[in-house]
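Notes to accompany the following structure.
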Amino acid sequence: VQLQASGGGLVQAGGSLRLSCAASGRTSSSYSMGWFRQAPGKEREFVAAISRSGYSTYYADSVKGRFTISREYAANTVSLQMNSLGPEDTAVYYCAADQKGGSSWPGRGLDGMDYRGKGTLVTVSS
């Protein structure tokens with residue numbers, strides 16, 4: 001599975017941005033999918049995950065209520081709608097896919113995922 005993230009950019013604090021991750025090589029419905037991020041000078045962290053079925057979602061506490069993950073099976077993509085962005089959301093965002101269920105993501109790192117895409121940079125100005 002190859003993953004290609006897009007949608008990053010520069011946005012003002014309080015604004016919104018939508019990231020997209022396109023999967024190719026194998027249908028994404030075989031995997032749970034999600035996002036990690038790494039802010040400058042900080043460790044990489046889990047952001048959000050969605051189950052294979054799309055019925056269950058999981059979020060880091062820092063983004064709950066602001067970010068929404070969804071998947072579009074026809075397009076083989078997973079998206080991350082990010083609202084009420086703040087400077088603390090500035091980071092490189094990475095999408096990933098894994099055969100384990102979405103509930104396992106919060107306790108795991110990006111390096112442990114079966115497939116990882118290159119990151120897309122999100123910069124939030126204050």
* Asked: Are F36 and Y93 an aromatic pair by the rule of ring centers under 6.0 Å?
  -> no
* Asked: Atom CD of Q4 and atom OG of S20: how far apart are they, to the nearest 0.5 Å?
  -> 10.0 Å
* In one Ile/Leu/Val/Met/Phe/Trp/Tyr side-chain cluster, 4.5 Å: V92, Y115 -> no
* Taking the side chain as every heavy atom from C-beta outward, state whether I50 and Y58 have any pair of such atoms under 4.5 Å apart. => no
* Asked: If you look at every heavy atom in P106 and G102, which pair is closest and at what distance?
  -> CD-O, 3.7 Å
* Is the CD atom of E88 crowded by more than 12 outside heavy atoms at less than 6.0 Å? -> yes
* Asked: Looking only at heavy atoms, what is the nearest atom pair of Y94 and G117, with distance?
  -> CD2-O, 3.6 Å
* Asked: In the single-linkage hydrophobic clustering (I, L, V, M, F, W, Y; side-chain heavy atoms under 4.5 Å), do V124 and L19 co-cluster?
  -> yes
* Asked: When rounded to the nearest 0.5 angstrom, what is the spacing between CZ in R44 and CZ in R37?
  -> 13.5 Å
* To do: Grab the two heavy atoms, one from S126 and one from P87, that are nearest each other, plus how far apart they are.
  => CB-CG, 3.8 Å
* Ignoring hydrogens and geometry, is there a side-chain-to-backbone donor-acceptor pair from Y73 to S53 under 3.5 Å? -> yes
* To do: Kindly indicate whether the side chain of N83, heavy atoms from C-beta on, has any atom under 4.5 Å from the side chain of Q81.
  => yes
* Kindly indicate whether the side chain of T123, heavy atoms from C-beta on, has any atom under 4.5 Å from the side chain of V11. => no
* **Heavy-atom side-chain contact between M33 and R71 under 4.5 Å** => yes
* To do: Determine whether Y31 and V78 fall in the same hydrophobic cluster, where Ile, Leu, Val, Met, Phe, Trp and Tyr are linked whenever their side-chain heavy atoms lie under 4.5 Å apart.
  => yes
* Asked: Are side-chain N/O atoms of D98 and S32 paired as donor and acceptor at under 3.5 Å?
  -> no
* Asked: Are the side chain of S79 and the backbone of S70 linked by a donor-acceptor contact shorter than 3.5 Å?
  -> no
* To do: Starting at CE of M82, measure out to CZ of F67 and round the result to the nearest 0.5 Å.
  => 5.0 Å
* **Check: K100 and R108 side chains under 4.5 Å, non-hydrogen atoms** => yes
* How many angstroms lie between OG in S24 and CG in L3, if you round to the nearest 0.5 Å? -> 7.5 Å
* Looking at OG1 of T57 and CH2 of W105, how far apart are the two atoms once the value is rounded to the nearest 0.5 Å? -> 13.0 Å
* Look at the side chain of E72 and the backbone N and O of N76, then say whether any donor-acceptor pair between them is shorter than 3.5 Å. => no
* Going only through I, L, V, M, F, W and Y residues with side-chain contacts under 4.5 Å, is there a path from L110 to V122? -> no
* Closest approach of Y59 and A48, non-hydrogen atoms and distance? -> CD2-CB, 3.7 Å
* Would you say the side chain of W35 lies within less than 4.5 Å of the side chain of C21, judging by non-hydrogen atoms? -> yes
* To do: Verify, without hydrogens or angle tests, whether T120 (side chain) and G8 (backbone) share a donor-acceptor contact under 3.5 angstrom.
  => yes
* What about V63 and L17, same hydrophobic cluster or not, with Ile/Leu/Val/Met/Phe/Trp/Tyr joined at side-chain heavy-atom distances under 4.5 Å? -> yes
* Are R66 and D89 side-chain neighbours, meaning at least one heavy-atom pair lies under 4.5 Å? -> yes
* Asked: How long is the span from the CG atom in L121 to the OG1 atom in T90, to the nearest 0.5 Å?
  -> 8.0 Å
